[in-house]
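One structure below.
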Amino acid sequence: MADFELPLGKRTRFYRFFELVPAIISYGAFVLLVVLSLVSPLLAAIYLLLIIITVLVKAVGIVYHTITGHGRLMKSQKIDWASRLADFEDPVASYEHHKGAASKAYGALQHVENLRLAAADAPAFPKPSSLTNLVIVAAYNEEFEVIDPTIQSVADTHYDNKKIVMVLAYEERGGPEIEKTALRLQKKYEDTFMEFQIIKHPRDLPDEVVGKGGNITYAGLQMQEWFKKQNIAYKDVLVTTLDSDNRPHVHYFDYMTYEYVVNEDRKHLAYQPIALFFNNIWDVPAPMRVVATGNTFWNIISSMRPHIMRNFASHSQPMEALVEMKWWSTRTVVEDGHHFWRSYFWFNGNYSVHPLYIPIYQDAVLDSTYLKTLKAQFIQLRRWMYGASDIPYIASHVFTKNRRVPFWPAFVWFIRALDGYVTAASVSIIVAFGAWVPLLINSEAYNNVVAHQLPDAVSLIQRIALIGLIVLVFLAFKMLPPRPERYKRHRTVGMVLQWVLMPITAIGYLSMAALNAQARLFMGRYLTKFDVTAKETIASRERARAASKK
């Protein structure tokens, strides 16, 4: 029988080799540039130009997908998803009503086609009224002011609250304060939803790293028994996980439930909204704003490329599938990304992530001081980049005679995953400094026309790439929430000037975080603890200041 769990402790030689691969390729890219510069400046120049041209082609795709994805995001938020979902209570009558209507609303034709299919085979499409949404909010030691807006945002959605089961999954290791917060929240919301439960995840359970996966899995197992006692079938329950600072759009649950209903192979799909890191974007320092906006754009771009989408942060999935695969992994600090690979191999390759063009708003990194915020941002990105730890896991399921998935599609997934982590680690540094390496370490480069002109050529390409950056800055401004009254207009000017920091954040944060994560894998210094990202709020800061003055 195939083993779908990550190893704890000693690895096999095969597994250990593939833990080394990301670092070997990423650091090897720098070594290769130096070696080629010493041996042949011309070869070094060709090597560098190939990388830069590849980056430029990708940049064009990034701009295109960002513009298109932004358009879909804006259009989807204007749709009355509750009305469309309600049509499936009686798809035959709804199809007769809509089939002759001429609607220009976004996705209207596809909606009519979905109704036609449901009308032709009604038993294959569940009635929305038969479905329940289970929402698990994961918390560690966050304050009431952080968690309360998240739960309130769920209560404020257009979905029927009496079809929502809310669970606050909190950590025993978070201390007595989080327990007080949990009880306070339970008292506030006990009559708001179909059910509101608080579930404490015990510390130091066996076979667990310290992370979110263990917390939400423990909560999921408890709720699995609750639904069983309520005689609610697992296939009629949709599970959404939220971090403590996540706030779903008012249409989220209607839209997500609609997509679950209309996709016939619904058990083998996860539903991925677009994470927008804009909750506190006006409050965080400029470097964090650039990183947060870049992360937002990456999520938009990913939604336009569903063939490479993986689970990220908050997402939804049928409880039937989660119960079958024993919920999430408890052995990794990157349970969201790893969950894709675990699901993909568990279901023999019949698993994919379906994009939802609807936002879930999240916090950018903000700690109590500027320096702590800078450090917290690096730690968050390092944890994300530690997803490179999935490379040996993928390899162990692809390069084996006991493989349960088709080889070539799985091999392509392996290459794409590896390329993503290597690119994040090395490309920004090579593009920024690589053109000078041949000239600095080999005097013969000055006699080679190509190598000598390389810095000027790279500079020209970088100026062309600035056009794309201008487009992204424009879209970023369109997506920003209104400026809070506590900030004056010069704060808006800072939102423009901050983009000069982009090369610094790309190298100082993304590349360094990726290189650090891969070096840890290489040396066997594994991340076994989920470093919770600080989630300060203006309210909590003001309360702390008031307390310090007493």
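Position 1 is the first residue of the sequence, and the numbers go up from there.
Ring geometry for Y159 against F253 counts as tilted: the plane angle lies between 30° and 60°, on a 0 to 90° scale. Under the 30°/60° scheme for interplanar angles, the aromatic rings of W413 and W341 are found to stand perpendicular. Aromatic ring orientation, F347 versus Y351: parallel (interplanar angle below 30°, classes split at 30° and 60°). Taking the six-membered ring for Trp and thresholds of 30 and 60 degrees, H315 and W328 have ring planes more than 60 degrees apart, a perpendicular arrangement.
T66 contributes atom OG1, which lies 9.5 Å from atom CH2 of W298 (distance to the nearest 0.5 angstrom). With rounding to the nearest 0.5 Å, the separation of CD1 in I51 from CG in L56 is 14.0 Å. Atoms CH2 and CG, from W499 and L472 in turn, are 6.5 Å apart once rounded to the nearest 0.5 Å. To the nearest 0.5 Å, atom NE2 of residue H201 and atom NZ of residue K212 are 13.5 Å apart.
Shortest non-hydrogen contact noted between G214 and T330 is CA-CG2, 3.7 Å. The two residues P318 and L238 make their nearest non-hydrogen contact at CA-CD2, 4.2 Å. Nearest heavy atom pair, residue M495 against residue I281, reads CE-O, 3.8 Å. Nearest heavy-atom pair, D87 versus S94, reported as atom, atom and distance to 0.1 Å: O-OG, 2.7 Å. Of all heavy-atom pairs spanning P273 and I358, the tightest one is CB-O, 3.4 Å. Across all non-hydrogen atoms, the minimal contact from T157 to H249 is CG2-O, 3.7 Å.
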Review point. side-chain contact (heavy atoms from CB on, under 4.5 Å) between L269 and S352: does it pass, once the steps are laid out?
Key: CA-CA 5 Å; L269 291 175; S352 59; 3.0 Å; yes
**Study point:** salt bridge (Lys or Arg N to Asp or Glu O under 4.0 Å) between D148 and R184, intermediate numbers included
**Key:** CA-CA 10 Å; D148 180 56; R184 181 180 173 188; over 6 Å; no
Review point. Yes or no on salt bridge (Lys or Arg N to Asp or Glu O under 4.0 Å) for R486 and D283, after CA distance, side-chain angles and deciding distance?
Key: CA-CA 10 Å; R486 61 180 173 271; D283 300 322; 2.8 Å; yes
Review point. Can you check side-chain contact (heavy atoms from CB on, under 4.5 Å) on Y64 and M304, steps first, answer last?
Key: CA-CA 10 Å; Y64 170 76; M304 295 301 299; 5.8 Å; no
Check your understanding: Between I394 and F345, does a side-chain contact (heavy atoms from CB on, under 4.5 Å) hold up when you go through it step by step?
Key -> CA-CA 9 Å; I394 303 167; F345 294 117; 3.9 Å; yes
Check your understanding: Run the salt bridge (Lys or Arg N to Asp or Glu O under 4.0 Å) check on E96 and K99 step by step: do they pass?
Key -> CA-CA 6 Å; E96 289 299 322; K99 69 177 182 179; 3.3 Å; yes
Exercise for review: Please test V137 against M166 for side-chain contact (heavy atoms from CB on, under 4.5 Å), starting from the C-alpha separation and ending with a verdict.
Suggested key: CA-CA 8 Å; V137 178; M166 173 64 68; 3.8 Å; yes
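Residues forming a salt bridge (Lys or Arg N to Asp or Glu O under 4.0 Å) with R84 (at least two apart in sequence, or on another chain): none. Remark: Y258 engages W81, F88, H111 in a ring pair (Phe, Tyr, Trp, His ring centres under 6.0 Å) (not counting sequence neighbours). Remark: M74 pairs with H70, Q77 by the side-chain contact (heavy atoms from CB on, under 4.5 Å) rule, at least two apart or across chains. For W327, there are no ring pair (Phe, Tyr, Trp, His ring centres under 6.0 Å) partners two or more places apart in sequence or in a different chain. In terms of the side-chain contact (heavy atoms from CB on, under 4.5 Å) criterion, residue partners of P392 (sequence neighbours excluded) are, by chain and number, Y15, F18, E19. Every residue was checked against the salt bridge (Lys or Arg N to Asp or Glu O under 4.0 Å) condition with R266, not counting sequence neighbours, and none meets it. Looking at residues two or more places apart in sequence or on another chain, you find a side-chain contact (heavy atoms from CB on, under 4.5 Å) between D121 and P123, A124. With sequence neighbours excluded, no residue forms a salt bridge (Lys or Arg N to Asp or Glu O under 4.0 Å) with E89. For R305, the side-chain contact (heavy atoms from CB on, under 4.5 Å) criterion is met by H65, I301, H307, I308, not counting sequence neighbours.
Under the 3.5 Å distance criterion, the side-chain polar atoms of R72 are left unmatched by any main-chain donor or acceptor of Y357. Listed for the N114 side chain is no donor-acceptor partner under 3.5 Å among the backbone atoms of V262. With S76 contributing its side chain and L73 its backbone, the two residues share no donor-acceptor pair below 3.5 Å. The closest donor-acceptor contact from the side chain of N299 to the backbone of N295 lies under 3.5 Å. The backbone N or O of S314 lies less than 3.5 Å from a partner atom in the side chain of Q272, making a donor-acceptor pair. Remark: side-chain polar atoms of R289 are not paired, donor with acceptor, to backbone N or O of W282 under 3.5 angstrom. Looking at T132, its side chain never comes within 3.5 Å of a backbone N or O of V237 through a donor-acceptor pair. Not one N or O on the side chain of Y218 forms a donor-acceptor pair closer than 3.5 Å with the backbone of I199. Side-chain atoms of R403 come within 3.5 Å of backbone atoms of V398 as a donor-acceptor pair (strictly under, hydrogens ignored). N280 places a side-chain N or O within donor-acceptor distance of the main-chain N or O of A364, the cut-off being under 3.5 Å.
One side chain, Q380 or Q377, offers a donor N or O that lies under 3.5 Å from an acceptor on the other. Using modelled atom types and a 3.5 Å distance limit, the side chains of Y170 and S244 yield no donor-acceptor pair.
F474 CZ: 12 or fewer foreign heavy atoms inside a 6.0 Å radius. Around NZ of K75, the count of heavy atoms belonging to other residues, nucleotides or ligands within 6.0 Å does not exceed 12. More than 12 heavy atoms of other residues, nucleotides or ligands sit less than 6.0 Å from atom CE of M479.
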Please list, one pair per line, the donor and acceptor atoms closer than 3.5 Å that link side chains of residues 226-235 to other protein atoms, with sequence neighbours excluded.
from : atom 1 : to   : atom 2 : distance (Å)
Y234 : OH     : Q224 : O      : 3.2

Please tabulate, for side-chain N and O atoms in residues 414-422, each donor-acceptor pair with protein atoms closer than 3.5 Å (sequence neighbours left out).
from : atom 1 : to   : atom 2 : distance (Å)
D419 : OD1    : T423 : OG1    : 3.3
Y421 : OH     : G387 : O      : 3.4

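Checked against the 6.0 Å centroid criterion, the rings of F312 and F340 do not qualify as a close aromatic pair.
Residues Y252 and S153 fail the side-chain proximity criterion, which asks for heavy atoms closer than 4.5 Å. Contact annotation: the side chain of H354 never approaches that of M309 to less than 4.5 Å [non-hydrogen atoms, C-beta and beyond].
Cation-pi contact between R383 and F530: present, with separation from the ring centre below 6.0 Å and deviation from the ring axis of at most 45°.
Looking at R247 and D156, no side-chain N of the basic residue comes within less than 4.0 Å of a carboxylate O on the acidic one, giving no salt bridge.
Judged as a salt bridge (Lys or Arg N to Asp or Glu O under 4.0 Å), not a single pair has a partner in residues 214-223 (not counting sequence neighbours).
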